[in-house]
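First the proteins, then the strands, lettered A, B, ... as listed; each starts at 1.
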Protein chains: 2
Amino acid sequence: MRKSETPEPEAAARSVTIQDVARRAGVSTATVSRAIALPERVTEATRAAVFSAIRETGYTPNAAARSLRAKSTKMVLVLLPGIGNSFFTPVLNALEEVFTEGGYGVLIGYTRQSRSRETHYARVIRAGQVDGVLVVTGNVPRDEEFVSVPDTVPVSLMFSEIPGTPQFSVFDVDNRGASAEAVRYLISQGHRRIAHIPGAEGGLEASERLGGYCDALREAGLPIDQALIWRGASNFDFASGERAARDYFALDEKPTAVFAAADEIALGFMRALKNRGVGIPSDVSVIGFDDTEYAVHYDPALTTMRQPRNEMGRLAATDLLRRMATGRDGTVPTLKVRLACELVVRESVRAVE
Amino acid sequence: MRKSETPEPEAAARSVTIQDVARRAGVSTATVSRAIALPERVTEATRAAVFSAIRETGYTPNAAARSLRAKSTKMVLVLLPGIGNSFFTPVLNALEEVFTEGGYGVLIGYTRQSRSRETHYARVIRAGQVDGVLVVTGNVPRDEEFVSVPDTVPVSLMFSEIPGTPQFSVFDVDNRGASAEAVRYLISQGHRRIAHIPGAEGGLEASERLGGYCDALREAGLPIDQALIWRGASNFDFASGERAARDYFALDEKPTAVFAAADEIALGFMRALKNRGVGIPSDVSVIGFDDTEYAVHYDPALTTMRQPRNEMGRLAATDLLRRMATGRDGTVPTLKVRLACELVVRESVRAVE
DNA sequence: ATGAAAGCGCTAACAG
DNA sequence: CTGTTAGCGCTTTCAT
């Protein structure tokens, strides 16, 4: 291990630059740069000399200098809402994998539904710190600055579109249609009195899912009863489901089935009911939305509409990669991809009559 | 909205630089730089002129140029193992919050227990792309290059230390002691025949927890029976718990209680038992480790040893912030912080006899 | 095929 | 208090 690897004893702190490599290889810095970027454009001998100099010095190109010159940072910003549920874990996993493979680093940002945070990240983008942005959230970044950015940096949206923004690629599902399908399934199992626990108001996903619920009811000639729509969810979380349970218990004429706008809501609701001795699905059937990790492991295993989160992540990342590669000339068209959801039948719904 | 915000029609693509601001404000670039960094060092009038020029032009300092000059990127790298469970969600949440507040961006990297990935991230560090590194994982990055980096960039470890690396700060829990405490609790409830489902072999955490299990048994004068140690976990995941259930059913003389090395393992195990009609805790008591989000919502709610993940994240981030602030002179001592776990009694353990 | 030189956008001496 | 100047480390013409 004891080699001539320490250039000069006194030059302790300074890190090794392309200059050091050039000197050592007996060539110019331009040649070193070329040997790395365009190996076929230098002599075999030169290349060898350069690479051994690189190895000997332990040289790694400085990212900031490269970015400054190239006007590209090889980083993307992934914006998440930052609510602490696990819905986003597989998404982030897929994104990190594809981006890293494509040579990009992943900078994450949690917007936490806060204006100042959105402004902060808008600044990050304008500072040229990232080459692309992926907004993974049900919450629309309302910041004007934000919507004004994308002419220079490609932006994609996951799960929730922003109406009137053709400059963004979008990867989502048909929330309304899938929700209708979920409710139709309940109806097909003989349920006639079906309640709904919507997500937090204000979000596009929540209102679409509510819309789908109503569609299916209307379609079947069933009445839409406001007493069966248990609003008040603060998020797609357990607590919202537990809160909805109070509405259930307050009701005289109970529904036989419930469509929750998210798995976590469904799980919270089920737990609260079981705690008070209500059997699922013997007394009430429950269907969720998302198919998160815990849906299958819960008891009873949750019947739900699966959103292909991993696939959506892979597609969104691949598209962004493609758009970033083609400069910012906007020659690459944006994509609006709507994936299919899939009904996953497990144990939480039973047929009645 | 139609204002003079478009500087020159032809200067479309080029982004606004400090030069543009200086010209507009009628000062030098140095003054602009100062007005931003050291506002108190310029005249009131100058400051006003500069800031209105900034506003008018929509200027945002270029991150790459700043990093190149300042030799600091204001970014940290958070390395995660990348297994798809939700254990890390709150950790990442805490980290992002503290780092963002401290003015740092968070670059994430999933090592996925892959050598090449570790090498990749070692390169990111050496490229000066980050000012600090947080290794959040039970898996030790074995890469030599990795261990050789930290003289230049502060590195901290969470959940699992690397023996012989005083240059890293460490934030973990006493896995062995906490596990012993969990098993002691089982013993205090009258259990004498207690099984253990260890985590994946090779990890320090898994072996420590197994050690704690043995400690508590020995302490109580109970035999350590290899037939009650159900090895074969591949990770801290559901599947490992389900696999352990097979060992349970294969056994003639069943244990009355089980200590699982992680909540997810416990949940997978419980689910498998319940599926075959085994009651929890009526037939078997189960205790977990971690207190992840789902432990409390499961039925029965899981009794477990809580790791203060959020607090650990906050402390680790704060320490790294502090170490990054003090240059790389290494004058700031590293910390070895061992936090206390807490037994959370819920419904999955019952007293026997 | 290689080298010289310019310059990306910014900050930090150093003068004035 | 403000301007001039140099230069961070790299890539990229433009010559040779």
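For the pair A:R23 CZ and C:dA4 P, the interatomic distance rounds to 13 Å; values are reported in whole Å. Residue A:E40 contributes atom CD, which lies 10 Å from atom P of C:dA1 at whole-angstrom precision. Rounded to whole Å, atom C1' of D:dT2 lies 17 Å from atom CD of B:E44. Nucleotide C:dG9 holds its C1' atom 14 Å from the CD atom of A:Q129, rounded to whole Å. The CZ-C1' distance, from A:R47 to C:dA1, rounds to 12 Å in whole Å.
Under 4.0 angstrom from either OP1 or OP2 of C:dT2 there lies at least one side-chain N or O belonging to A:T43. Remark: B:T46 is not in phosphate contact with D:dC1, judged by side-chain N or O atoms under 4.0 Å from OP1 or OP2. Within the structure, a side-chain polar atom (N or O) of A:K71 is placed less than 4.0 Å from OP1 or OP2 of C:dG9.
For A:R322, the salt bridge (charged side-chain N to carboxylate O under 4.0 Å, His left out) partners are A:D319, not counting sequence neighbours. Taking the side-chain contact (heavy atoms from CB on, under 4.5 Å) definition, one finds that B:R41 meets it with B:L38, sequence neighbours left out. In this structure, the ring pair (Phe, Tyr, Trp, His ring centres under 6.0 Å) partners of B:F87, at least two apart in sequence or on a different chain, are B:F159. For B:T46, the side-chain hydrogen bond (donor to acceptor under 3.5 Å, both in side chains) partners are B:T43, not counting sequence neighbours. Residues satisfying the salt bridge (charged side-chain N to carboxylate O under 4.0 Å, His left out) test with A:R112, not counting sequence neighbours, are B:E96, B:E97. Applying the side-chain contact (heavy atoms from CB on, under 4.5 Å) test to B:A70 and every residue at least two apart in sequence or in another chain returns nothing. Listed by chain and number, the residues in a salt bridge (charged side-chain N to carboxylate O under 4.0 Å, His left out) with A:R314 amount to none (sequence neighbours excluded).
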**Asked** Tell me, for nucleotides 10-16 of chain D in 5' to 3' order, what letter each nucleotide earns: B for a base near a protein heavy atom under 4.0 Å, S for only sugar-phosphate near one, - for neither?
**Response** BBBB---

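Both B:L68 and B:S28 lie close to DNA chain D; mapped to their nearest nucleotides by heavy-atom distance, the more 5′-ward contact belongs to B:S28.
Put simply, the side chain of A:L157 does not reach to within 4.5 Å of the side chain of A:F171, judged on heavy atoms. Side-chain atoms of B:I125 and A:T60, non-hydrogen and from C-beta on, never get closer than 4.5 Å to each other.
Rounded to 10 degrees, the angle between the two end axes of the helix from C:dA1-D:dT16 to C:dG16-D:dC1 is 40°, with five pairs used at each end.
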